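Predicted model only: the values in this text are computed from it and were never measured.
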Amino acid sequence: ITGPAILFSWPSSGSALSYLKDVEQAELAGSHFEDLLSTVRKAVGSHVKVHVAAHQLGIVPVLRGMQNMRQPPSSEIAQVGEIVAFSPDVSAQLFDDRCAAIKPSVGGITVYGSSSNKMIDASQMLIGTPRAGKIGSDGPTPRSSRTCARGRPVPSTRSGGWSDGL
């Protein structure tokens, strides 16, 4: 892989009781992710692809920022090569919808999920919708694998992944 790899991060409230506030803040951070892509493009040039890694709620501003970008992507925004989502903590349906919207703008989307991530389990119980990063014993949640991937599982006993670009 050539080019910079970016981990987009922001502070949380630091309390499990403030989790819903953190979800809202992650959604609002999407415009900051867009700004980051613009800054990176100015620093490295338009010919360099940026690869993004996002963990749990970190996928929310990435998907929101990418969805907000103009289609086709603006020449002011860095090209995104690969997005790697580790245990994405977003509803499976929202993940599907946003992935479908951004798919023409990125080189690939790879997702790693887990069947034993306690935070994903708590989020699913609190919010009440299946999470994109939650996999069962038979592999990734069907909705998430349907839109963003061709269902190429990564063998493991406690975690797995799928990718649309491999």
Is there side-chain contact between Val111 and Phe95, with heavy atoms separated by less than 4.5 Å? yes

Worked verdict on Arg131 versus Gln124 for side chain to side chain donor-acceptor pair (under 3.5 Å): CA-CA 6 Å; Arg131 312 316 283 166; Gln124 187 164 306; 5.9 Å; no

With a 3.5 Å distance limit and no angle check, can you tell me whether Lys134 reaches the backbone of Ser115 through a side-chain donor-acceptor pair? yes

Partner residues of Gln56 under the side chain to side chain donor-acceptor pair (under 3.5 Å) criterion, sequence neighbours left out: Asn117

Is the shortest heavy-atom distance from the side chain of Val52 to the side chain of Phe33 under 4.5 Å? yes

Selection residues 50-61 - residue pairs positive for salt bridge (charged side-chain N to carboxylate O under 4.0 Å, His left out), sequence neighbours left out: none

Considering all heavy atoms, the nearest Pro88-Tyr112 contact: CD-O, 3.8 Å

For Gly65 and Glu34, work out which heavy atoms get closest and say how close. O-CG, 3.3 Å

Same cluster (ILVMFWY, side-chain, under 4.5 Å), Val23 and Ile120: no

Which atom of Gly14 lies closest to which atom of Asp22, heavy atoms considered: N-OD2, 4.4 Å

Gap between atom NE2 of His32 and atom CG of Leu36 - 0.5 Å precision: 11.0 Å

Nearest 0.5 Å, please: how far is NE2 in His51 from CD in Glu82? 8.0 Å

Report yes if some heavy atom in the side chain of Lys49 is under 4.5 Å from a heavy atom in the side chain of Val80; otherwise report no. no

Does the side chain of Arg98 reach to within under 4.5 Å of the side chain of Leu94, using non-hydrogen atoms? yes

From Leu63 atom CG to Met66 atom CE, the distance as rounded to the nearest 0.5 Å: 8.5 Å

Using the rule that Ile, Leu, Val, Met, Phe, Trp and Tyr join whenever any side-chain heavy atoms are under 4.5 Å apart, tell me whether Leu57 and Leu126 fall into a single cluster. yes

Hey, is the main chain of Asp35 close enough, under 3.5 Å, to the side chain of Thr39 for a donor-acceptor pair? yes

Side chains of Val84 and Ile109: does their closest heavy-atom pair fall under 4.5 Å? no

Looking only at heavy atoms, what is the nearest atom pair of Ser114 and Ser87, with distance? CB-OG, 4.2 Å

Taking Leu20 as the starting point, is it possible to reach Ile59 by hopping between hydrophobic residues whose side chains are less than 4.5 Å apart? yes

Okay, side chain of Ser13, backbone of Ser15: is any donor-acceptor separation there less than 3.5 Å? no

Can you tell me if Ser18 uses its side chain to pair, donor with acceptor, with the backbone of Lys21 under 3.5 Å? no

